[in-house]
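Read the structure below first, then the notes.
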Amino acid sequence: HSVAVLGAPFSKGQKRGGVENGPKAIRDAGLIERLSHLDYPVHDFGDLSFQHLEKDEPYMHVPFPRTVGRANKLLSGAVSNAVGAGHTTIMLGGDHSLAIGSVEGHAKQRPDLCLIWVDAHADINTPFTSPSGNLHGQSVAFMLKELQNKMPELPGFSWVKPFLSAKDLVYIGLRDVDPGEYDILKDLGVQYFTMRDIDRLGIQRVMEVTFDHLLSRKQRPIHLSFDIDAMDPSLAPATGTPVNGGLTYREGIWITEEIHNTGLLSVMDLVEVNPDLGASREAVESTASMAVDVIASALGQTREGGPITQESQT
Ligand code: DIR
Ligand code: MN
Ligand code: MN
């Protein structure tokens, strides 16, 4: 087993600058060094370079459709190659529109994947329901077969064909869901856990039900799409759309530890770290360090420690 790290410095899925600096902030917080203490070789593939498009008129009120479509096509190929080469792949965003390419590229190699979406937001708007127009709030709508006839043909996205069923998706951490998104979640019967559900059930039970829902019929690869704004803003303030009342540190780490313990993590996205939005250097560093902690724990770093090995003695 080996790990691939892939940076995706991209921000056009929303309107605030700075989230393209997320990969650098997460690396500066010591990601690669931390992963080097785990059991497998880490390959850092660096950052993708995304093309700037001169002319990219909005589609309805959706900004930068061709730019976002093209960036995701490039990312899809990169994720597909990394997974095809046998790596557990970590995609560092960038904004959450990048999940379109990341999950699509993963599905090319592993059509039976399931998707765990950890986020304050459902990101399941269509261009018709989206209040903002921003594509980072619409990523899941491009993936779902059930929404095929609710999605317009956006310029830049002709390469994306819906590939995921609503039953193969679970949300954790929701607390800011738009009305059109609520209707879609209910219509499709999507399994989701809001922060209220976590308060009621506890995070341990939430993860048990999540795995029952996704894995009880058969073992399959997991795609974890982790928006840092799922965490409470006290832990991850440097992000574009913070929402109060998020995951505690221990809930966040419990989620990633349990996903690691399935042995099925195949691709993880860590998105929406925006170092330009921190109120101070400390705010940026705590956000990036939170990102490193959830990634390391998804890849097997434990709170229990581990035995002496040749690696730990050097
Ligand atoms: C909002 C915000 N639901 C939208 N979405 C965000 O623009 O569609 N997702 N911030 O992470
Ligand atoms: Mn998101
Ligand atoms: Mn979010």
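When a ligand or atom number is given, it counts from 1 through the structure's own listing order.
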Could you check which N/O/S atom of D119 is closest to the Mn ion (ligand 2)?
OD2
By atom name, which N, O or S atom belonging to D123 lies closest to the Mn ion (ligand 2)?
OD2
When you check the side-chain N and O atoms of D269 and S225, is any donor under 3.5 Å from an acceptor?
yes
Is it the case that the side chains of Y249 and D293 hold a donor-acceptor pair, with the cut-off being a distance below 3.5 Å and no angle test?
yes
Applying salt bridge (Lys or Arg N to Asp or Glu O under 4.0 Å) to D199 and R196, what does each step give before you reach the verdict?
CA-CA 5 Å; D199 288 341; R196 177 178 168 79; over 6 Å; no
For D95 and K15: C-alpha separation, side-chain torsions, deciding distance, then whether salt bridge (Lys or Arg N to Asp or Glu O under 4.0 Å) applies.
CA-CA 10 Å; D95 74 67; K15 297 179 195 90; over 6 Å; no
Answer yes if the ring centres of F157 and F142 are under 6.0 angstrom apart, and no otherwise.
yes
side-chain contact (heavy atoms from CB on, under 4.5 Å) with P23: which of L6, L92, L31, V5?
L92
Return a yes/no value for [X]: is any of its N or O atoms, backbone included, closer than 3.5 angstrom to an N or O of ligand 1?
| X | answer |
| --- | --- |
| S130 | no |
| T241 | yes |
| D176 | no |
| H96 | no |

Logged contact type for D123 with ligand 1, heavy-atom cut-off 4.0 Å, is side chain
Using a 4.0 Å heavy-atom threshold (strictly under), name the region of D229 that reaches ligand 1: side chain, backbone, both or neither.
side chain
Once rounded to 10°, what is the value of the angle centred on the Mn ion (ligand 2) between H96 ND1 and D227 OD2?
100°
Test salt bridge (Lys or Arg N to Asp or Glu O under 4.0 Å) on E257 and R303; report intermediate values, then the result.
CA-CA 9 Å; E257 283 175 345; R303 290 181 276 182; 2.8 Å; yes
Salt-bridge test for [X] and [Y]: reply yes if a basic N is under 4.0 Å from a carboxylate O, no otherwise.
| X | Y | answer |
| --- | --- | --- |
| D56 | R66 | yes |
| R16 | D276 | no |
| K186 | D183 | no |

Need one value: angle at the Mn ion (ligand 3), D229 atom OD2 versus H121 atom ND1, rounded to 10 degrees.
90°
What residue and atom, counting heavy atoms only, is the protein's closest point to atom 8 (O) of ligand 1, and at what distance?
N125 ND2, 2.9 Å
Atom 2 (C) of ligand 1: nearest protein contact (heavy atom, Å)
H121 CD2, 3.8 Å
Against heavy atoms of [X], which atoms of ligand 1 measure under 4.0 Å?
| X | result |
| --- | --- |
| E181 | 3 (N) |
| D178 | 1 (C), 3 (N), 4 (C), 8 (O) |
| D227 | 11 (O) |
| H136 | 6 (C), 10 (N) |

The option among G137, A230, S132 carrying the non-hydrogen atom nearest to atom 7 (O) of ligand 1 is S132
Greater than 12 external heavy atoms within 6.0 Å of Y40's OH
yes
